[in-house]
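Here the structure comes first, spelled out in C-alpha cells, and everything after it is commentary.
Nothing here was measured: the structure is a model prediction, and the numbers come from that model. Residue numbers count from 1 along this sequence. Note that ligands are numbered from 1 as they come in the structure, with each ligand's atoms numbered from 1 the same way.
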Amino acid sequence: MSTLDRYYNYIDGAWVGAESYLAVDDPATGEIYAEIAEADIHDADAAMAAARRCVDSGALSAVRPALRVTWLLAIAEEIRALTEQAARVLCRENGKALEAARGEFEESARYFEYYAGMADKIEGTSIPLGDDYVDFTSYEPMGVSVQIVPWNFPPSICARSLAPALAAGNAVVIKSPEISPLAMTFLMTACERAGLPRGAVNLLCGNGSVVGAHLVRHVEANQIVFTGSVPTGQRILRDAAERATPSVMELGGKSAAIVHADADIEQVIDSVRNGIFFNAGQVCSAMSRLLVHRSRYDEVVERARSLAEGLSIGAGIDEPDLTPLVSKSQLEQVEAMCRRAIESGASCVTGGERVSGTNGYFMQPTLLTDVTVDSEIFQEEVFGPVLVIHPFDDEDEAVALANGTAFGLVAGVFDENLNRALRTARRLRGGQVFINEWFAGGVETPFGGVGLSGFGREKGQEALYSYVQTRNIAIRLKGV
Ligand code: NAD
C-alpha cells in the first residue's frame with residue numbers, strides 16, 4: 001500500500017479510485033508526496049453518462065431557478081469553509097504562495113456567489129409579431145458541458161466555468177490537469193456538501209491526449225470549454241469540428257504594457273511586480289512585454305532591475321515574492337527560451353537562468369532587452385518570470401508593437417494623461433485593456449481573447465450566455 005497522500009476522481013456523486021495513480025510532486029523540493037487516481041476512458045464514459053442522466057432528469061434545468069441560486073450560494077459557503085485546508089494543498093502541489101492559494105479559493109467562492117445572483121434572472125424576450133402571434137425566446141442550458149482545465153490556477157479556472165454552467169442548468173464533466181490536480185477536488189467536496197443532484201458535476205484526472213480527447217469527441221458532449229495552450233486548443237477545435245460541438249477557447253497570450261512618457265513610474269513598477277512575477281509569471285494574462293517611451297526607458301529598466309534583484313525567492317509556504325515554477329519541464333522550457341534569446345543577441349539585464357543549488361524548480365526573475373521584434377522571445381509565450389523591455393518613440397509605434405503578435409488576450413497602458421491613455425487603449429487588440437493597473441478587474445469583468453488567444457468570454461455577466469442556447473417559440477393564435 002502506498003504511503004503517499006491519495007486523492008480520487010469524482011463521478012456520479014461518488015469518489016472513485018483507479019488501477020493506476022499519477023504522482024504529484026512538490027515544486028519547491030522536487031519530492032513526490034501525493035498521488036491521484038488516473039482516470040481512463042471508461043471513467044470518462046461513466047462521467048458523461050452520469051451527466052447525461054442528470055440533464056435528462058431535469059434535476060438541474062427543470063427546477064425553479066431559485067433552487068439553483070440556493071445551491072450555488074451553498075457551494076460558495078462550503079468553499080470558504082474548506083479554504084484553509086484546500087489552500088495548503090494547492091500551495092504545496094503547485095508551488096504558489098499560500099496567501100495566493102487562499103485568494104484563489106476566495107475567488108472561486110466569489111464565482112459561485114456572482115453567478116448565483118444571475119441564476120434566477122436568465123430571462124428571454126417577447127417579440128412582437130402582431131396580434132395573430134405570440135413569440136418569445138428562452139435561454140436553455142447547453143446540456144453536458146465538458147470543461148478542460150490547465151495547471152496554473154486549477155480551482156479558480158475550474159470555478160470560473162463551473163459556476164455559470166451550473167447557474168444556467170448544465171451538468172458538467174471536468175478534466176483536471178495532470179500537474180497540480182489535487183486542490184480542485186475540494187470544489188467537488190463543496191458541491192457534494194451543498195447537495196447538488198447526482199451527476200451534476202464530475203471530475204476526472206487523466207491524460208489529456210487520451211481522457212481529454214475522449215471527452216471532447218464524446219457523443220454526449222454538448223459543449224467544450226477549454227482553457228490551456230494554443231496547440232492543445234487547436235487540436236480540440238479539430239476534434240470538436242467532427243460533431244460541430246460549440247466551444248469556448250481561453251488560450252495563451254503575449255501581452256504588452258505601454259508606458260507613455262507621462263506615466264507614473266511607481267504605478268508601472270507595482271504592476272511589473274504583480275504582472276510578471278505573481279505566480280512566477282505562469283499567468284495567461286501576464287505582462288510579458290513592457291514597451292517604454294524612449295524618454296523613460298533607462299529609468300524603467302533600472303527600476304525594474306532593482307525590483308527583480310530585490311525579490312525574495314522560496315517555497316510558497318514561506319510567502320516569498322517569487323515562487324517556483326510548477327514542474328521540472330516547465331523550468332527547462334523557460335530556461336531554454338531565455339538561453340535562445342540571449343544566444344540570438346538579447347541583453348540579459350538580470351536573471352536568465354534557474355536558481356542553482358536546489359532541487360526545486362526555481363527560475364531567476366529575468367529581464368531581457370535589445371530583442372528584435374520578430375524574435376521568439378518577443379512573439380511567443382514564455383509562461384515564467386521573464387519580462388522583455390523594449391523602447392518606442394511614438395504612440396503609433398507603441399500600438400504596432402503591442403498588436404504585433406498572433407495573440408490578443410489583454411494589454412495595458414500607463415499614462416497620467418487619461419485622454420491619451422484611453423485613445424491608446426481603444427487601439428489595442430485584446431479582450432481587456434488595463435489602464436494604470438495590470439490585472440485591474442475581477443470576477444465581474446469579461447475576460448477572453450482574440451486571435452490565437454481564443455474566443456468566447458469568461459467572467460462577468462456576458463460569460464453566462466456562453467452556457468445557454470437561445471430557443472424561440474412562435475405561436476399562431478386563432479380568432480383573436
Ligand atoms: P495544456 O494545453 O498543456 O493543457 C491544458 C489541459 O488540456 C490539461 O488538462 C491537459 O490534460 C488537457 N489536454 C491536453 N491535450 C488534450 C487533448 N488532445 N484533448 C483534450 N484535452 C487535452 O496547457 P497547460 O500547460 O496546462 O496550461 C498553460 C497554458 O494555458 C498556457 O498557454 C496559458 O496561457 C493557458 N491559459 C490560458 C488561460 C486563459 O484564460 N486564457 C488561463 C490559464 C492558462
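For the residue pair D26 / Y361, no side-chain donor-acceptor distance below 3.5 Å is found, with atom types taken as modelled. No side-chain donor-acceptor contact under 3.5 Å links Q379 and T405. In the model, Q364 has no side-chain atom that pairs as donor or acceptor with a side-chain atom of T366 under 3.5 Å. Residues R243 and N222 have side chains that never bring a donor and an acceptor to within less than 3.5 angstrom of each other.
For ligand 1, the atoms closer than 4.0 angstrom to any heavy atom of K175 are 9 (O), 10 (C), 11 (O). Atoms of ligand 1 found under 4.0 Å from any heavy atom of N152 (numbered from 1 in listed order, with element): 43 (C), 44 (C). With ligand atoms numbered from 1 in the order given, ligand 1 contributes 19 (N), 20 (C) to contacts under 4.0 Å with heavy atoms of A213. If you number the atoms of ligand 1 from 1 as listed, the ones under 4.0 Å from a heavy atom of G252 come out as 34 (O). For ligand 1, the atoms closer than 4.0 angstrom to any heavy atom of T227 are 5 (C), 37 (C), 38 (C), 39 (C), 40 (O), 42 (C), 43 (C). For ligand 1 and P177, the ligand atoms under 4.0 Å from any heavy atom of the residue are 9 (O). The contact set between ligand 1 and R235, taken as ligand atoms under 4.0 Å from a residue heavy atom, comprises 18 (N). Taking every heavy atom of I157 and a limit of under 4.0 angstrom, the matching atoms of ligand 1 come to 42 (C), 43 (C).
Distance from atom 8 (C) of ligand 1 to its nearest protein heavy atom, with residue and atom name: V149 O, 3.5 Å. The protein heavy atom nearest to atom 10 (C) of ligand 1 is E178 OE1, 3.6 Å. T232 CG2, 3.3 Å is the protein heavy atom nearest to atom 15 (N) of ligand 1. The protein non-hydrogen atom at the shortest distance from atom 34 (O) of ligand 1 is E381 OE2, 2.6 Å. Among protein heavy atoms, the minimum distance from atom 20 (C) of ligand 1 is reached at G212 C, 3.3 Å. Scanning all protein heavy atoms for the shortest distance to atom 35 (C) of ligand 1 gives G228 O, 3.1 Å. Remark: minimum distance from atom 27 (O) of ligand 1 to any protein heavy atom is reached at P150 CB, 3.3 Å. In terms of protein heavy atoms, atom 2 (O) of ligand 1 is closest to S229 OG, 2.6 Å.
A centroid separation of less than 6.0 Å is found between the aromatic rings of F383 and W151.
Ring geometry for F278 against F153 counts as parallel: the plane angle stays under 30°, on a 0 to 90° scale with 60° as the upper cut. Below 30°, between 30° and 60°, or above 60°: for H218 and H214 the angle between ring planes is above 60°, a perpendicular geometry.
At a 3.5 angstrom cut-off on N or O pairs, N207 does not count as close to ligand 1. Below 3.5 Å of separation, one finds an N or O of L251 facing an N or O of ligand 1. Considering backbone and side-chain N/O atoms, I148 never comes within less than 3.5 Å of an N/O atom of ligand 1.
Annotation: R80, atom CZ; neighbour count of heavy atoms from other residues, nucleotides and ligands within 6.0 Å is above 12. Residue N359 places its CG atom among 12 or fewer non-hydrogen atoms of other residues, nucleotides or ligands, all under 6.0 Å distant. Around CZ of R235, the count of heavy atoms belonging to other residues, nucleotides or ligands within 6.0 Å does not exceed 12.
Among C205, C284, G454, the residue whose heavy atom lies nearest to atom 39 (C) of ligand 1 is C284. The option with the heavy atom closest to atom 40 (O) of ligand 1, from among R217, K459, R160, is R160. Here atom 25 (O) of ligand 1 lies nearest to W151 when heavy atoms of F226, W151, F383 are compared.
With a heavy-atom cut-off of 4.0 Å, D239 does not touch ligand 1 at all.
Tested against R102 for a side-chain hydrogen bond (donor to acceptor under 3.5 Å, both in side chains), the candidates E106, E104, E99 yield a single pass: E99. The only option from R110, K459, Q461 that meets the side-chain hydrogen bond (donor to acceptor under 3.5 Å, both in side chains) definition with E444 turns out to be R110.
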In a table with atom names and distances, give each donor-acceptor pair under 3.5 Å that connects a side chain of residues 161-172 to protein atoms at least two apart or in another chain.
from	atom 1	to	atom 2	distance (Å)
S161	OG	E458	OE2	2.8
N170	OD1	M142	N	2.6
N170	OD1	G143	N	2.9
N170	ND2	A165	O	3.0
N170	ND2	Y467	O	3.0

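Applying the side-chain hydrogen bond (donor to acceptor under 3.5 Å, both in side chains) rule to E31 yields the partners R92; only residues at least two apart in sequence or on another chain are considered.
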